[in-house]
Amino acid sequence: MNNSPLRANPQYKMQQDYICRRVLNAFIRENVRDIVSRGSIVCSADVMLPDMPISVNRWLVVWHLGDGSLWIPVQACTFMQDWQLGELALVWHTGSEHRVLTDLPAILALFWQNLDPDLAAGFIDYAQECLVSVEHGVLCQQEQERYFTELQMAGSAPPNPSNWSGLQLYYERLAAFLDHPLYPTARAKLGLTAEQLSRYSPEFQQPFQLRWLAVAKPLHIGTSAALSLQGLAPSFADVGLDEALGDEYSLLPLHPLFKQQDIDNLARNHRLQGKLLLAPKPYLQVNATLSVRTVAVCDKPGLHIKLPIHMRTLGGKNIRTIKPSTIVDGNTVQCLLALLASQDAQLSAHLLLTDESQGAHINNIPELAYIIRRYPDTLAHTTVVPVAGLLATTPQQQTVVMELALRFFKGQLHSFIDAYLNATLSLHLRLWMRYGIALESNQQNTMLVLSSQPPNLRLLLKDNDAPRIYASRLSKRAQNGAAFIKRIQDQRILVADELPLAQMFTTITLQLNIAALLEGLDSLGLISKRQLYSQLRGRIEALLTELEVQGEDTVLARRILLEEDTQYVKYLLTAASLISKKESGANDVNKFYGKSAPNFLKVRL
């Protein structure tokens with residue numbers, strides 16, 4: 001992409017500056033290379049730098065990156081970090097010269113100087129991720145403008161509300177145009193060319209057909225009949241293969257990004273030569289969803305297939321394959337949640353679940369697997385929207401959250417927020433306090449189900465294969481809890497104390513799903529965040545009191561959520577892109593925490 005004609009596009013420089021700001025703010029938030037802990041905040045009035053921007057009042061000065069000092073203009077912040085980038089005009093100062101830096105590659109180069117080659121490699125690779133993020137950002141912005149113009153000129157409204165699955169895909173496309181609240185280069189789909197981005201990503205949402213792999217039957221592990229049961233499986237002739245192969249082989253769906261060379265490499269690496277046959281013809285039309293690797297079957301509303309894909313997102317280490325353990329664990333957790341909801345009216349009032357009981361893998365190979373996801377049959381006449389899309393812009397230049405408030409809450413945004421906070425906090429605090437469960441139900445995996453009939457708003461959860469479960473609490477509180485614990489394959493899910501639950505609740509439910517929304521509403525001028533945070537704190541206090549009356553231990557939750565000065569923060573950029581697990585000590589790159597965010601729920605006198 002280095003010679004891409006996009007570089008001549010005026011949007012390219014704007015996107016470069018945008019990504020540069022996001023990266024630098026993440027570096028400050030995650031204390032990358034100890035720039036905050038070893039740096040100093042200096043008042044502009046106390047120093048004299050040539051060509052100093054007049055508007056800069058504070059600098060974060062870092063002396064340990066090399067033979068000079070890096071001066072980063074900063075301003076005070078209250079969300080996720082104490083300081084954030086001010087002007088995009090950093091200064092590299094030495095005794096003999098100073099340079100004003102506004103270019104991200106030059107800034108990143110300072111961060112990897114004087115590092116040993118292994119550590120420097122993470123920063124060098126990340127510089128390439130930044131470049132991909134810029135270019136993918138420009139392409140997606142162009143597509144958003146084209147798509148919105150097309151709808152505006154045609155006078156088209158969103159899909160008919162009675163077509164709930166079509167409307168869901170529409171909102172997922174809008175969500176895809178909106179960037180991740182915290183990971184700075186989430187726009188990059190590493191491994192996808194510009195052409196592949198336009199063919200297979202949710203921003204473009206172009207229908208395509210799946211590829212198919214004939215696999216020797218003994219290698220096919222799982223619910224091998226799942227595709228046939230759903231009416232999805234092609235015949236061997238449909239995909240250009242001899243029907244006689246059906247006696248010894250079964251068919252596995254593949255994302256079309258898989259090529260013959262990929263299959264040859266897998267066969268060689270796993271000693272499966274002659275047992276993996278890539279079919280010559282595609283079959284089954286699908287559409288990309290927000291998660292990219294999960295596709296919606298065009299002729300089967302409410303039926304999605306999750307597939308491995310040659311792509312990395314949210315960090316260079318986040319390879320989007322499917323571990324065989326996640327097939328089992330995702331279904332186990334969904335079944336556990338369904339059981340709890342059937343026994344606990346306070347959970348069932350807010351909770352809906354997808355069915356993820358069917359899936360398979362080939363000989364424990366993460367690149368060769370699938371999961372079938374079925375949405376509930378009760379979604380007719382509802383609107384299903386990912387939390388990730390609430391702040392997205394509609395083609396009518398309205399915010400999705402306002403559009404939903406108008407449709408379902410008589411235009412009262414306060415009522416929408418109240419219903420959302422009630423459902424989210426009631427569900428997740430109860431799962432934590434009573435059952436010892438914290439879900440990684442992030443913005444993408446949490447869907448709002450909205451209806452004109454009560455209950456107006458419920459949560460639909462999917463893809464719950466990586467929670468944290470406090471095993472001893474679940475065993476005591478849930479019927480058959482111990483049996484579910486024995487079914488868990490990824491032992492990282494099971495924890496010996498309550499702290500990991502608090503960390504996951506804080507970084508996923510509180511910060512991503514709630515606070516990012518409240519901050520966005522404030523920045524749009526829709527509601528004051530001071531008012532919103534007061535409402536949020538009050539709701540948490542009330543629910544903790546209610547749970548306490550019911551006999552639950554809320555001491556840790558009160559301390560971490562309401563009383564401590566700082567909150568836990570997920571250092572995703574550090575763990576998922578910049579340093580190895582050996583350096584971070586993290587057993588999961590998506591659950592590596594610092595404790596440095598100002599607590600926006602603490603009452604400060």
Side-chain angles (χ1 to χ4, degrees), residues 1-2 7 12-42 44 47 49-53 55-56 58-75 77 80-117 119-138 179-180 182-188 190 315-316 571-574 576-579:
M1 286 193 179
N2 289 335
R7 288 177 175 273
Y12 191 91
K13 179 63 169 68
M14 295 175 61
Q15 193 69 212
Q16 270 188 320
D17 291 348
Y18 166 74
I19 293 298
C20 188
R21 286 184 171 278
R22 281 173 61 88
V23 168
L24 287 168
N25 276 327
F27 275 23
I28 295 169
R29 179 169 61 248
E30 298 189 19
N31 191 28
V32 171
R33 294 229 41 203
D34 300 323
I35 58 173
V36 176
S37 58
R38 294 179 63 182
S40 300
I41 299 295
V42 175
S44 297
V47 297
L49 284 179
D51 302 323
M52 179 190 293
S55 57
V56 176
R58 296 283 189 278
W59 298 87
L60 171 60
V61 187
V62 184
W63 285 276
H64 61 276
L65 296 180
D67 297 329
S69 56
L70 180 62
W71 295 64
I72 306 173
V74 293
Q75 59 192 26
C77 183
M80 301 303 294
Q81 53 204 88
D82 291 311
W83 300 97
Q84 64 182 5
L85 183 70
E87 298 283 336
L88 183 52
L90 285 67
V91 176
W92 177 249
H93 183 69
T94 66
S96 59
E97 65 169 344
H98 79 279
R99 286 185 293 144
V100 176
L101 303 174
T102 59
D103 182 63
L104 184 55
I107 294 169
L108 287 176
L110 295 176
F111 279 84
W112 72 62
Q113 65 180 345
N114 295 337
L115 290 176
D116 67 57
L119 287 174
F123 286 86
I124 294 170
D125 290 344
Y126 187 65
Q128 179 63 26
E129 182 175 330
C130 291
L131 175 61
V132 174
S133 185
V134 171
E135 302 220 4
H136 283 188
V138 173
D179 224 329
H180 190 279
L182 297 174
Y183 188 79
T185 42
R187 184 58 62 192
L190 298 170
Y571 284 2
L572 183 57
L573 172 58
T574 299
S577 286
L578 298 180
I579 64 176

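A quick note: this is a predicted structure, and the numbers were derived from the prediction, not measured.
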Result of checking Val74, Asn25, Val23 against Leu85 for side-chain contact (heavy atoms from CB on, under 4.5 Å) | Asn25

Looking only at non-hydrogen atoms, find the nearest pair between Leu88 and Arg21 and report the distance.
-> N-NH2, 3.5 Å

Value for NZ (Lys13) from CG (Asp103), rounded to nearest 0.5 Å, stands at 8.0 Å

Could you pull out the closest heavy-atom pair between Ser40 and Trp63, with the gap in Å?
-> OG-CZ3, 3.5 Å

Ser133 and Pro184 have their tightest heavy-atom pair at OG-O, 4.5 Å

Between Asp34 (side chain) and Ser37 (backbone), is there a donor-acceptor pair under 3.5 Å?
-> no

CG-OH distance between Leu104 and Tyr126, expressed to the nearest 0.5 angstrom = 7.5 Å

Counting N and O atoms only, with roles assigned by atom type, does the side chain of Glu30 sit under 3.5 Å from a partner on the main chain of Thr574, one being a donor and the other an acceptor?
-> yes

Measure from the side-chain N and O atoms of Arg29 to the backbone N and O of Leu24, and report whether any donor-acceptor pair falls under 3.5 Å.
-> no

Test Tyr18 against Met14 for side chain to side chain contact (heavy atoms under 4.5 Å, CB included), laying out the working first.
-> CA-CA 6 Å; Tyr18 166 74; Met14 295 175 61; over 6 Å; no

Spacing of CG belonging to Leu578 relative to CZ belonging to Phe27, to within rounding of 0.5 Å = 5.5 Å

Pairwise distance CD(Gln75) to CD(Gln84) - rounded to 0.5 angstrom = 4.5 Å

Could you tell me whether the side chain of Leu110 reaches within less than 4.5 Å of the side chain of Gln113, counting heavy atoms only?
-> yes

Going from CG on Leu70 to CD1 on Ile35, what distance comes out if it is rounded to the nearest 0.5 angstrom?
-> 7.5 Å

Between the main-chain N or O of Val134 and the side-chain N or O of Arg187, is there a donor-acceptor pair closer than 3.5 Å?
-> no

Do the side chains of Leu60 and Trp83 get nearer than 4.5 Å, heavy atoms only?
-> no

Around Asp67, counting heavy atoms of other residues, nucleotides and ligands shown, do more than 12 lie under 6.0 Å from its CG?
-> no

Going through the checks in order, is the side chain to side chain contact (heavy atoms under 4.5 Å, CB included) test met by Asp179 and Arg22?
-> CA-CA 11 Å; Asp179 224 329; Arg22 281 173 61 88; 3.7 Å; yes

Distance from Arg33 atom CZ to His64 atom NE2, nearest 0.5 Å?
-> 6.0 Å

Nearest heavy-atom pair of Arg58 and Ser44: which atoms, and what distance?
-> N-OG, 3.8 Å

Any idea which heavy atoms bring Leu190 and Glu129 closest together, and the distance?
-> CD1-OE1, 3.7 Å

I would like to know whether Val132 and Glu135 meet side chain to side chain contact (heavy atoms under 4.5 Å, CB included); could you show each step before the answer?
-> CA-CA 5 Å; Val132 174; Glu135 302 220 4; 5.9 Å; no

Just wondering, do Gln128 and Asp125 contact through their side chains at under 4.5 Å, heavy atoms?
-> no

Would a distance-only check, ignoring hydrogens and angles, find a side-chain to backbone donor-acceptor pair under 3.5 Å from Tyr183 to Gly315?
-> yes

With under 30° as parallel and over 60° as perpendicular, where do the rings of His93 and Trp71 fit, or are they tilted in between?
-> perpendicular

Considering all heavy atoms of both residues, which atom of Trp59 and which atom of Ala89 are nearest to each other, and what is their separation?
-> CZ3-O, 4.1 Å

If we only count heavy atoms from C-beta on, is the Ile107 to Leu90 side-chain gap below 4.5 Å?
-> yes

